[in-house]
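The next block holds one structure in the form of structure tokens; read it before the comments.
Atoms within each ligand, like the ligands themselves, are counted from 1 in listed order.
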Amino acid sequence: MYKSIRAAVVGSINMDLILNMEKVPDVGENVLGTDYGYANGGKGANQATALARLGARVKMIGKVADDTNGNKLLENLKANSIDVSGVAKNGSQTGLAAIILDGEGKNRIVVYEGANAEIDAETAVSDIGTDVDLVLLQFETNESVVIDCVNHAVKSNITTVIDCGPAKSFCLEKMQGATILSPNESETKALTGIFPDSDENVLKAARILEERSKAKYIVLKLGERGCALWDKTELTYFPAYKSNVVDTTAAGDCFTAALALEYVKSGDIKKACDIGNKAGSIAVSRMGAQGSMPTLEEILNI
Ligand code: ATP
Ligand code: RIB
């Protein structure tokens with residue numbers, strides 16, 4: 001179904017260190033963890049993996065170091081049939097995310113950017129080229145990389161989807177005209193100053209995001225509330241699917257990848273929001289980032 005779609009993902013590649021605990025520590029408090037493990041992560045690599053699991057032909061563009069984590073992460077991308085010819089291996093140190101996860105599956109994340117902050121914008125633009133159907137970006141690289149890649153993709157008439165994670169106040173005025181701009185709640189707050197906790201605030205924030213980014217569609221990810229679509233005339237809510245939440249890490253990555261792919265395929269933004277919700281509900285029911293990404297069959301079975 002998505003097999004003929006060619007996607008380029010420009011973004012971060014991290015090793016995730018996941019520490020599980022019942023309750024996260026307050027300032028000065030010391031708590032016992034229940035277990036820990038390493039998982040393949042990074043918003044860019046997570047979204048590339050989600051696209052590949054759903055059947056798309058994916059090229060990853062980013063940077064790691066020639067170190068143990070970098071080599072492991074590259075091998076994993078290749079194992080997911082992702083073209084890694086756009087991933088440079090000359091970074092200073094591969095990105096690392098320390099994720100603390102509480103008993104309710106809610107996370108707090110600290111990211112050391114390392115090589116992700118060393119991606120060269122000009123090289124990324126040239127690696128995208130013009131022969132793709134979708135360019136997917138996040139905010140876990142330098143702002144200049146996002147700006148140059150969005151401007152290139154928009155100018156080349158390629159469907160351009162921006163996932164605004166993690167929460168940063170990037171200059172949306174310099175990356176205008178994308179097809180979809182999709183922040184989560186905290187990213188919406190960072191970009192607009194408004195936390196989307198009521199209908200009124202969702203609409204206010206969506207209008208500001210549209211005004212600043214001139215994106216065709218604004219899709220707010222609202223966690224267990226699902227998502228909201230603003231298409232310049234109408235605000236539509238899509239409720240989340242019921243799920244047994246284990247770990248919310250990368251639910252947003254999974255949502256945005258599925259949303260983008262369905263939009264490229266059908267051009268139907270409402271259907272794409274629904275597919276995003278289905279994908280997100282599966283991701284939260286599983287531990288880890290890339291390991292929690294669903295297949296197309298799993299989504300269609302909901
Ligand atoms: P991340 O933890 O990766 O940063 P996020 O904060 O970017 O995630 P969320 O808004 O939390 O993104 O979740 C993305 C999507 O996943 C939601 O829009 C929804 O479709 C789905 N989702 C999240 N939480 C739940 C839940 N508790 N039950 C069902 N679906 C959920
Ligand atoms: O969106 C989840 C991701 O954020 C994790 O995999 C971690 O690497 C951080 O980048």
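Checking Phe255, Phe238, Tyr241 against atom 29 (C) of ligand 1, the nearest heavy atom belongs to Tyr241. Taking all heavy atoms of Cys273, Gly252, Ser281 into account, the minimum distance to atom 30 (N) of ligand 1 is reached by Ser281.
Of the protein's non-hydrogen atoms, the one nearest atom 10 (O) of ligand 2 is Glu140 OE2, 2.6 Å. When hydrogens are left out, the protein atom nearest atom 31 (C) of ligand 1 is Gly223 O, 3.8 Å; that is the closest non-hydrogen contact. Residue, atom and distance of the protein heavy atom nearest to atom 16 (O) of ligand 1 are Gly280 CA, 3.5 Å. In this structure, the protein non-hydrogen atom closest to atom 18 (O) of ligand 1 is Gly226 O, 2.9 Å. Of all protein heavy atoms, the one closest to atom 7 (O) of ligand 1 is Asn184 ND2, 3.0 Å. For atom 20 (O) of ligand 1, the closest non-hydrogen atom of the protein is Asn277 OD1, 2.6 Å. Looking only at protein heavy atoms, the nearest one to atom 3 (C) of ligand 2 is Asn46 ND2, 3.6 Å.
In summary, the atoms of ligand 2 found under 4.0 Å from a heavy atom of Ala289, numbered by their order in the structure, are 6 (O). For ligand 1, the atoms sitting less than 4.0 Å from at least one non-hydrogen atom of Leu222 are 10 (O), 18 (O), numbered in the order shown with element in parentheses. The ligand atoms of ligand 1 that sit less than 4.0 angstrom from a heavy atom of Ala251 are 3 (O), 13 (O), 14 (C), 16 (O). In summary, the atoms of ligand 1 found under 4.0 Å from a heavy atom of Ala240, numbered by their order in the structure, are 29 (C), 30 (N). Taking a cut-off of under 4.0 Å to the non-hydrogen atoms of Ala97, the atoms of ligand 2 that pass are 7 (C), 8 (O).
Only the side chain of Val245 comes within 4.0 Å of ligand 1, counting heavy atoms alone; its backbone N, CA, C and O stay farther away.
For the pair Gly42 and ligand 2, a heavy-atom separation below 4.0 Å is found.
For ligand 1, the polar-atom distance check against Thr248 finds a nitrogen or oxygen pair separated by under 3.5 Å. Checked against a 3.5 angstrom limit, the closest N/O atoms of Lys43 and ligand 2 fall inside it. For ligand 1, the polar-atom distance check finds an N/O of Ala250 within less than 3.5 Å of one of the ligand's N/O atoms.
Between Val9 and Gln138 the shortest side-chain heavy-atom distance falls below 4.5 Å. Inter-residue side-chain proximity for Lys23 and Asp102 is flagged as unmet; no heavy-atom pair is nearer than 4.5 Å.
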